[in-house]
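This report concerns only the one structure given below.
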Amino acid sequence: MQWSQDFAEQRLKSMHMDDMPIVLVAPNVVNVPSDWFSGYRETRRQFMCSLDDSIETLAFMNLSQDAFMDLLMGRNLPENTSIRFRIPLIWGGKVEVDNMFLCWTFPNSQNLDRFIIEQTGNDAIWMPNPAKKVYISTHTGGGGEGGNSTEDRMTQIGMNMARGM
C-alpha cells in the first residue's frame with residue numbers, strides 16, 4: 001500500500017516524531033561502490049566537525065563536555081547517537097556531509113528504520129529529512145535537571161572552546 005503524506009505524518013506522530021519533515025523518494029536501486037566505507041569514515045569526521053554551527057541544538061542532547069568536544073572535533077560519536085543518510089546510498093544517496101544528519105539511536109534512529117521498513121514494496125518511500133544537521137524530537141528535547149542548565153552548559157562549553165580546551 002502506497003502511503004499518503006498524511007498517513008506517513010500520522011505514523012511519525014505515533015512514534016512521537018511528528019516534527020520530523022519528510023520527502024518522497026523513488027527507491028531506484030543503484031550499485032554502491034565496494035570502497036564506499038573508506039570515504040564514509042572521512043566524510044563522517046567532516047560531518048561531525050561541521051556541527052559547530054549546531055551548538056545550541058547539541059546542547060539539548062545534554063552530552064558530557066568530553067563527549068561534546070570529541071563530537072565537534074570529529075573524534076568519537078557519543079553513545080546512543082547515530083549519523084543517518086537522508087537518502088540511502090542504495091537509492092542513489094551520496095557519501096556527503098549534506099546527506100547526513102545526527103539523531104539519538106534510541107528511540108529516533110530505531111523508529112526511523114521501522115518507519116522506512118514498513119514502506120517496503122512501495123513505489124515511493126517517505127524519507128525523514130530534518131531541516132537541521134541534528135534532529136532532536138520536541139518530545140525528547142528537554143534540558144537538564146531544573147533551572148536553565150542548557151544555557152549554563154552552553155556558556156561553559158563556549159568558555160572552554162575560547163580557551164582552547
Side-chain angles (χ1 to χ4, degrees), residues 1-37 39-63 67-68 71-72 74 76-145 149-150 154:
M1 172 185 95
Q2 182 64 50
W3 288 9
S4 68
Q5 184 171 357
D6 286 341
F7 185 85
E9 289 170 348
Q10 286 301 312
R11 184 66 184 116
L12 282 172
K13 184 177 183 175
S14 73
M15 296 176 175
H16 305 290
M17 298 174 67
D18 49 317
D19 56 344
M20 171 64 80
I22 53 176
V23 295
L24 194 59
V25 174
N28 296 321
V29 178
V30 299
N31 288 326
V32 177
S34 59
D35 65 345
W36 73 271
F37 192 74
Y40 170 75
R41 285 189 310 212
E42 176 56 26
T43 305
R44 180 182 108 135
R45 189 190 69 70
Q46 291 171 1
F47 172 77
M48 292 188 311
C49 291
S50 80
L51 294 174
D52 62 349
D53 63 358
S54 303
I55 289 175
E56 288 183 25
T57 307
L58 288 170
F60 284 101
M61 295 185 99
N62 218 12
L63 302 172
F68 183 85
L71 176 64
L72 288 183
N76 273 328
L77 196 58
E79 188 175 322
N80 192 33
T81 61
S82 296
I83 296 175
R84 296 189 58 100
F85 288 113
R86 294 172 188 275
I87 306 297
L89 303 181
I90 193 75
W91 293 343
K94 304 293 183 207
V95 180
E96 297 174 346
V97 169
D98 291 343
N99 191 35
M100 299 174 160
F101 68 94
L102 177 78
C103 66
W104 291 117
T105 302
F106 177 81
N108 300 130
S109 188
Q110 292 175 349
N111 282 338
L112 292 175
D113 286 341
R114 203 169 69 217
F115 175 78
I116 294 165
I117 290 168
E118 288 174 359
Q119 298 177 73
T120 300
N122 292 354
D123 294 332
I125 306 290
W126 290 102
M127 291 294 298
N129 192 27
K132 298 179 181 181
K133 294 178 190 176
V134 179
Y135 172 72
I136 299 176
S137 171
T138 55
H139 296 280
T140 59
E145 305 163 354
S149 63
T150 300
M154 287 177 55

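Atom set for the values below is all heavy atoms of this structure, side chains included, hydrogens, waters and symmetry mates excluded.
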Check your understanding: Considering all heavy atoms of both residues, which atom of M20 and which atom of P128 are nearest to each other, and what is their separation?
Key -> SD-CB, 3.8 Å
Review point. About how many Å separate CH2 of W36 and CZ of R41, when rounded to the nearest 0.5 Å?
Key: 10.5 Å
Exercise for review: Please indicate whether D123 has more than 12 foreign heavy atoms, meaning atoms of other residues, nucleotides or ligands, lying under 6.0 Å from its CG.
Suggested key: no
Point to revise | S137 versus M17, closest heavy-atom pair with distance | key: OG-CA, 4.3 Å
Practice item. Test R114 against M15 for side-chain contact (heavy atoms from CB on, under 4.5 Å), laying out the working first. Key: CA-CA 10 Å; R114 203 169 69 217; M15 296 176 175; 3.7 Å; yes
Point to revise | Aromatic ring proximity, centroids under 6.0 angstrom, F85 and W91 | key: no
Donor-acceptor pairs are to be reported for all side-chain atoms of residues 92-100 against protein atoms at under 3.5 Å, with residues two or more places apart or in another chain.
{"from": "N99", "atom 1": "OD1", "to": "R86", "atom 2": "N", "distance (Å)": "3.4"}
{"from": "N99", "atom 1": "OD1", "to": "I87", "atom 2": "N", "distance (Å)": "2.9"}
{"from": "N99", "atom 1": "ND2", "to": "I87", "atom 2": "O", "distance (Å)": "2.9"}
{"from": "N99", "atom 1": "ND2", "to": "K94", "atom 2": "O", "distance (Å)": "2.9"}

Practice item. Any chance you could measure Q119, atom CD, to Q2, atom CD, to the nearest 0.5 Å? Key: 7.5 Å
Review point. For D35, does the CG atom have more than 12 heavy-atom neighbours from other residues, nucleotides or ligands under 6.0 Å away?
Key: yes
Point to revise | Nearest-0.5 Å distance that lies between atom OG in S14 and atom CZ in F115 | key: 9.5 Å
Practice item. Any chance you could measure T105, atom OG1, to I83, atom CD1, to the nearest 0.5 Å? Key: 10.0 Å
Review point. What distance separates Q10 CD from W3 CH2, expressed to the nearest 0.5 Å?
Key: 11.5 Å
**Study point:** side-chain contact (heavy atoms from CB on, under 4.5 Å) assessment of I22 paired with N129
**Key:** CA-CA 5 Å; I22 53 176; N129 192 27; over 6 Å; no
Revision key, fill the gap. Heavy-atom closest pair (T138 atom, D19 atom, distance to 0.1 Å) is N-OD2, 2.9 Å
Review point. Which atom names give the shortest non-hydrogen contact between P78 and A67, and what distance separates them?
Key: CG-O, 4.0 Å
Check your understanding: How many angstroms lie between atom CG of D18 and atom CG of L12, to the nearest 0.5 angstrom?
Key -> 8.0 Å
Check your understanding: Are T57 and K133 close enough, and set up right, to give a side-chain contact (heavy atoms from CB on, under 4.5 Å), and what steps lead you there?
Key -> CA-CA 9 Å; T57 307; K133 294 178 190 176; over 6 Å; no
Point to revise | L71 side chain near M61 side chain, heavy-atom distance below 4.5 Å | key: no
Study note, to complete from the structure: Minimal heavy-atom distance between S82 and L77, with the atoms involved, is CA-CD2, 4.3 Å
Exercise for review: Taking the side chain as every heavy atom from C-beta outward, state whether R84 and M127 have any pair of such atoms under 4.5 Å apart.
Suggested key: no
Exercise for review: Show your reasoning for whether side-chain contact (heavy atoms from CB on, under 4.5 Å) applies to F47 and L51.
Suggested key: CA-CA 7 Å; F47 172 77; L51 294 174; 3.9 Å; yes
Check your understanding: So do the side chains of R11 and W126 get within less than 4.5 Å of each other, counting heavy atoms only?
Key -> no
Practice item. State whether the side chain of N108 and the backbone N or O of I136 hold a donor-acceptor pair below 3.5 Å, judged by distance alone. Key: no
